[in-house]
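Below: one structure, written as structure tokens.
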Amino acid sequence: MEYKFQKIEEYWQNRWKEEGIYKVDNDSPKPKYYVLDMFPYPSGTGLHVGHPLGYIASDIFARYKRLKGFNVLHPMGYDAFGLPAEQYAIDHGIHPAVSTEENIKNFRSQLDKIGFCFDWDRQVKTSDPDFYKWTQWIFLQLFKSWYNRKTQKTEGIDGLIEIFEKEGNKNHPVPNSQFRISGSDKGAETLTSSHFTAADWKSFDALTQQNILMEYRVAYCGYGEVNWCEALGTVLANDEVINGVSERGGYPVVKKKLRQWYLRITEYADRLLGGLEKIEFSEAMKEMQSNWIGKSYGAEIDFELTSDSDVLRVYTTRPDTIFGVDFMVIAPEHELMGKITTKAQKGAVDKYIEYVKSRSERERMAEKIITGCFTGTYAVHPFSRRKIPVWVSEYVLAGYGTGAIMAVPCGDERDFKFAKHFNIPITNIIGRHFNGEEANATKDALLENSDFLDGMLMRDAIDFVIDRMERIGIGHRKVNYKMRDAAFSRQRYWGEPFPIIWKNGIAYPLDEKELPLELPHVETYKPGPEGEGPLANIPAWTERKLETNTMPGYAGSSWYFLRYMDPHNEKAFCSRKASDYWGQVDLYIGGTEHAVGHLLYSRMWTKALHDLGYIGHDEPYKKLVNQGMIQGISQFEKRDPEKTSFMRYVKSKDSEVFKTVVASNQTIMNATQPHSFGNRVMSHYVSASMATENSEQLLKKHVPISFVSSNILDLTKFYSDAQFEKDSIYYTDDGYFVDGEWFDYSHNKLASKCNFFTLSEVEKMSKSKLNVINPDDLCAKYGADTFRMYEMFLGPVEQSKPWDTKGIEGVHRFLKKLWRLFYDETKGKMWTDEKASPAELKILHKTIKKIEEDTERFSFNTAVSAFMIAVNELSDLKCNKKQILGPLLILLTPYAPHICEELWHELGNTTTIIDATFPGVEEKYLIESTKNYPVAVNGKTRTELTIALDATQQEVEEIILSNEVVKKWLEGKPPKKVIYVKNKMINVVV
RNA sequence: ACCCGGGUGGCGGAACUGGUAGACGCGCAGGACUUAAAAUCCUGUGGCCCGAAAGGGCUGUACGGGUUCAACUCCCGUCCCGGGUACCA
């Protein structure tokens, strides 16, 4: 009998489905365990081998925990709203709901083939009205809340209104929001008065009151500079912009003022930072998040100005360097800009501001050149009364700190470069630590030229100066964060509509009874007027004065993990009973790419829902594991530098591509004489030495990996594929390939193929790079169990690595070997009820111990190795005893569920193996009475000795010293000491 | 530039708190079975050297140094690769 994995897997997958074996109950006496995968965006490309890596790991862990007696929640769903579906709709006219549904079907069938233990009854889809009803509901809770800094909690806005009515806002000043609610898209304005009394509050009209409340709401609407992407017609979050271009598509991004929704995540900055200590994230992940939050401690200092009664307030983390200030710099957008410029400097400053405005975000990012202009005004040093020139420069950002700095060129690289560039004299306050060539940001120097700070260590001076400044009222301690409030709206169609109605400039929440506010059907996905979303094109929508923005991709994913706990609840997003039972996600698996997006937002939502009393925990995830990315090995049509033959890709005569090649690379053009084939211009023989760097780029072109083996492209096969460009001519040393035939250079047809070499390179796996390996193919060829084990065997889950199918045979061989412990080809069933020998029991228990340890610490690759060793050893002993094979199957189940289930039943068990109990280790089978120890003399291994495991240090020494080999080495002298490391080795130190 | 990871055979990777480096798998070489192939099984496999063999010696975890009886593991310096951030004062 042979191992017919296809039949086995199909059979068991159907049975698991029919019997609803993975259905999870919210009511169980067992302890709970929640294993979650980051749900996928159902793209049109389907799954490649990289996707299931994390899913397989989580599936193994979920199954393992189940065997260990836990009630395991292991759900799956789809992050179904998003830009690509909408882009697809624009391009192909297919409604996103339709294409998304199709993609989901495809994903599901692919996932099913791998044999995951998801409870599909709990599936969520963020684009489903039953789901986004609650996304909208949670949004309304955030809209109706504010963050109380006194209690450090999210609270209802009604409470704030009561406070205002009683005492105004003296105890709760307006939070530092970067996005002011008043004003228009022509310019943001701050509130006329930021402080008001109870009487003031009562005298304000409704609009003013609402505008003030908007300044406090957790989800709020305001005008602000946003990252506007013209090509995508939408606003992007900071983390969706990379180097001044959009993450998706790489289109240019500019700053634009628009009415936007925001989440006041900045108020949670400290808690998000502090919470990191309570959760098990990798150090790298924690660091990414804390860098993003960017907390810094420093001081705000006021400088008097010569030209104005106002003071210039700066933020610095190094108040100890106060006597090293040689100039001040303010941001071009700073509100004092207009006031402080002197008449003499007005022309120059205006010109400079003009220049700054002309520079796009992208230019500023790309070329960091030193620019700036003197304003004509001087600031007065608060201690020395020295006059300090005030400059304006784009290197100071308006959005951080106070938008103005005190520049200390001897201690700050940017200030130093600025001073050099504009010939501003530099004061040295750190003596020999400053060499005049570059700034030195040390805190370990003793201060010089610093008046009352002279001789003090900089580190110590920081607090000393602040104390002094606070005493005389010119400065105070201040904590700043880099993190900004999160933009929460998109001018797009395929997202959750906001349950908001606008009346007379006031945003009114929709009644909760009206939820879900369903996304209406549209005929066109084109943007609405003035940058508004497609919803603005629907008269029925605009007549109701409904908000025309939609929510961003991360809205649904910020809370989906809660819905899995209670997916069919129509009365609440998740009952308190359900969320109390399941609590935190015990194990969350996903990629690092969500470090500062999804993982931060979902943490914030959890905190808000917790504060408002809807859930009992304030961190969503207990432990996070980041799976690595599986890269693809791309194949390029290209000269292989190792081999002398090479190729050239050619297009037809009037092709643009060909022209480009010719125009931009003379080397290629002049290489040899051209030939022609019909309307095609044959390319030229390019020799290896002629291929310049430039031509290499031009010559590189992806080819489908399915036609490549051992770096040789099978052109005959490729030719009959749709992806083959019929006009291509391929050259090698020995001949050329055209119209499906090989010719030599005398144009005679060749009977055999020539070797056309490719070059391989590791890249991200993607459809466009033609390097995708489809899990379906592998499952069909080797079975899901082999595929699962091989993905794990490849290396640590956390590590990124290129996919290489070669080794899969070894894992497949292992499963076949396992099968043969049960079946003989001719004799059939082989297992017996015979009692196991101590040697066999030892193998079993050694394996149980190893598998348990490895699975617990997520070392699945070494666990798979342990299985291989066990099966090899049992195979050698011809052990086919039920007593050994039964427990072995249970151990293996998480890794290869189908074959284990099959064999488990064959052994005569009636229960399904998923409900079996993970076997315990019986240490007695592991313990040996004696062990062979290597003995080293001064670190050099000399001999081996058999020593009883319970021997004392003294006994060990006696045995060693009576050994002939050791004696010889010791030459009669007594050893200094004998180091006996249990289970490792013995070292004799002479 | 700054902050994190990481560098081990032909390859993927083991070595968990310093204790016989290279587990396990791939690949390769040789052999068994077979008319042959597939499948399966066995043996060998870091490098160099001595030996007919059994066996033995030296060297070896990016590079240079250090701590230690003992270093892939700890410390210092250098180089290279991957990831994150990017004028955040």
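Here is the naming used below: chain letters follow the sequence lines, and residue numbers restart at 1 for every chain.
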(request) Determine which nucleotide pairs with B:rA14, using a 3.5 Å limit on both distances of a Watson-Crick or G-U wobble pair. (result) none

(request) Ignoring the backbone of A:I869, work out which of B:rA23, B:rC87, B:rC4 is nearest its side chain. (result) B:rA23

(message) Using atom C1' in both nucleotides, what's the gap between B:rA21 and B:rC79 to the nearest angstrom?
(response) 24 Å

(request) Please state the P separation for the pair B:rC74 and B:rC16 - nearest whole angstrom. (result) 11 Å

(message) Any donor-acceptor pair under 3.5 Å linking the side-chain atoms of A:W292 with those of A:S290?
(response) no

(request) Using atom types as modelled and distance alone, determine if a side-chain donor or acceptor of A:R318 lies under 3.5 Å from a backbone N or O of A:A441. (result) yes

(message) Counting only Watson-Crick pairs (N1-N3 plus N6-O4 or O6-N4) and G-U wobbles (N1-O2, O6-N3), all under 3.5 Å, who is the partner of B:rU20?
(response) none

(request) Could you let me know what B:rC74 is paired to, Watson-Crick or G-U wobble, both distances under 3.5 Å, or none if it's on its own? (result) B:rG66

(request) Mind telling me if B:rG9 is syn or anti? Syn here is a glycosidic angle within 90° of 0. (result) syn

(message) Just the rounded figure in Å: distance from C1' of B:rA89 to CG of A:L312.
(response) 13 Å

(request) Name the nucleic acid region contacted by A:P802, choosing base, sugar-phosphate or nothing; use a 4.0 angstrom heavy-atom cut-off, strictly under. (result) nothing

(request) Check whether any side-chain heavy atom of A:M469 lies under 4.5 Å from a side-chain heavy atom of A:H476, and answer yes or no. (result) no

(request) Let me know the distance between NZ of A:K4 and P of B:rA39, rounded to the nearest Å. (result) 18 Å

(message) Reading RNA chain B from 5' onward, which residue's closest nucleotide shows up sooner: A:I405 or A:N291?
(response) A:N291

(request) Quick one: look up who B:rG44 pairs with, Watson-Crick or G-U, both distances under 3.5 Å, and put none if it's unpaired. (result) B:rC28

(message) If you only use heavy atoms from C-beta on, which nucleotide in B:rC87, B:rC3, B:rU40 is closest to the side chain of A:K816?
(response) B:rU40

(message) Is it true that A:Y400 and A:S296 share a donor-acceptor pair across their side chains at a distance under 3.5 Å?
(response) yes

(request) Ignoring backbone atoms, establish whether A:S296 has a side-chain N or O less than 4.0 Å from OP1 or OP2 of B:rA89. (result) yes

(request) Can you figure out which of B:rC24, B:rC3, B:rG13 approaches the side chain of A:N861 most closely? (result) B:rG13

(message) Please give the distance between the C1' atoms of B:rG7 and B:rG60 as a whole number of Å.
(response) 16 Å

(message) Distance check needed: B:rG12 P versus A:Y790 OH, whole Å only.
(response) 11 Å

(message) So if I take every side-chain heavy atom of A:S865 and compare against B:rG84, B:rA89, B:rA23, which nucleotide ends up nearest?
(response) B:rA23

(request) Compare the minimum distances between each of B:rA89, B:rC87, B:rC4 and the side chain of A:T317, then state the nucleotide with the smallest one. (result) B:rA89

(message) Would you measure the distance from the P atom in B:rU73 across to the matching atom in B:rG65 and give it in whole Å?
(response) 14 Å

(message) Could you check whether any side-chain N or O of A:D785 sits under 3.5 Å from a backbone N or O of A:I899, counting only pairs where one atom can act as donor and the other as acceptor?
(response) yes

(request) Could you please name the option among B:rA39, B:rU85, B:rC87 that lies closest to any side-chain atom of A:W292? (result) B:rU85

Every protein N/O lying under 3.5 Å from an N/O of nucleotides 41-44 of chain B:
from   : atom 1 : to     : atom 2 : distance (Å)
B:rC41 : OP1    : A:R820 : NH2    : 3.1

(message) My understanding is that only residues two or more places apart in sequence, or in another chain, count here; which of them pass side-chain hydrogen bond (donor to acceptor under 3.5 Å, both in side chains) with A:D804?
(response) none

(message) Suppose you measure atom C1' in B:rU67 against the same atom in B:rG77; what distance do you get, rounded to whole Å?
(response) 15 Å

(message) Does a side-chain N or O of A:Q799 approach OP1 or OP2 of B:rG13 to a distance below 4.0 Å, or not?
(response) yes

(request) Check the pair A:T862 / A:S865 against side chain to side chain donor-acceptor pair (under 3.5 Å), numbers first and verdict last. (result) CA-CA 5 Å; A:T862 51; A:S865 296; over 6 Å; no

(request) Rounded to the nearest angstrom, tell me the gap between atom CZ in A:R313 and atom P in B:rA89. (result) 18 Å

(message) Strictly below 4.0 Å: does A:Y400 bring a side-chain N or O up to OP1 or OP2 of B:rA89?
(response) yes

(message) Can you measure A:L815 atom CG to B:rG25 atom C1' for me and round it to whole angstrom units?
(response) 13 Å

(message) Rounding to an integer number of angstrom, what distance separates B:rA71 and B:rG19 when you compare their C1' atoms?
(response) 10 Å

(request) Considering just the side-chain nitrogens and oxygens of A:K806, establish if one lies under 4.0 Å of OP1 or OP2 belonging to B:rC11. (result) no

(message) I need the minimum non-hydrogen distance between A:D270 and A:K295, along with the two atoms involved.
(response) OD1-NZ, 2.6 Å

(message) Rounding to an integer number of Å, can you tell me how far A:W391 CH2 sits from B:rA89 P?
(response) 23 Å

(message) Can you check the distance between B:rG18 and B:rC69, where both ends of the measurement are the C1' atom (answer in whole Å)?
(response) 12 Å

(request) Using the side chain to side chain contact (heavy atoms under 4.5 Å, CB included) rule, pick out the option among A:I388, A:T321, A:L312 that qualifies with A:M406. (result) A:T321

Between the protein and nucleotides 15-17 of chain B, are there any N/O to N/O pairs under 3.5 Å, and if so, what are the atom names and distances?
from   : atom 1 : to     : atom 2 : distance (Å)
B:rA15 : OP1    : A:R857 : NH2    : 3.4

(message) Within the structure provided, determine whether A:L272 and A:Q289 are in side-chain contact (heavy-atom separation under 4.5 Å).
(response) no

(request) Determine the interatomic distance between C1' on B:rG10 and the same-named atom on B:rG5; round to the nearest Å. (result) 26 Å

(request) Check whether any side-chain heavy atom of A:M868 lies under 4.5 Å from a side-chain heavy atom of A:V864, and answer yes or no. (result) yes

(message) Ignoring hydrogens and geometry beyond distance, is a side-chain donor-acceptor pair present between A:Y823 and A:E2 at under 3.5 Å?
(response) no

(message) Please report the distance, rounded to the nearest Å, between CD in A:E300 and P in B:rA89.
(response) 13 Å

(message) Taking the ring of A:Y790 and the ring of A:Y782, is the distance between their centroids below 6.0 Å?
(response) no

(message) Can you tell me which nucleotide in B:rC4, B:rG13, B:rA89 comes closest to the side chain of A:T316?
(response) B:rA89

(request) Between A:P796 and A:M288, just flag the one whose closest nucleotide in RNA chain B comes earlier from the 5' side. (result) A:P796

(message) Please name the nucleotide paired to B:rG82 by Watson-Crick or G-U wobble geometry with both distances under 3.5 Å, or report none.
(response) B:rC4

(request) Measure the distance from NZ on A:K801 to P on B:rG7 and round it to the nearest whole Å. (result) 14 Å

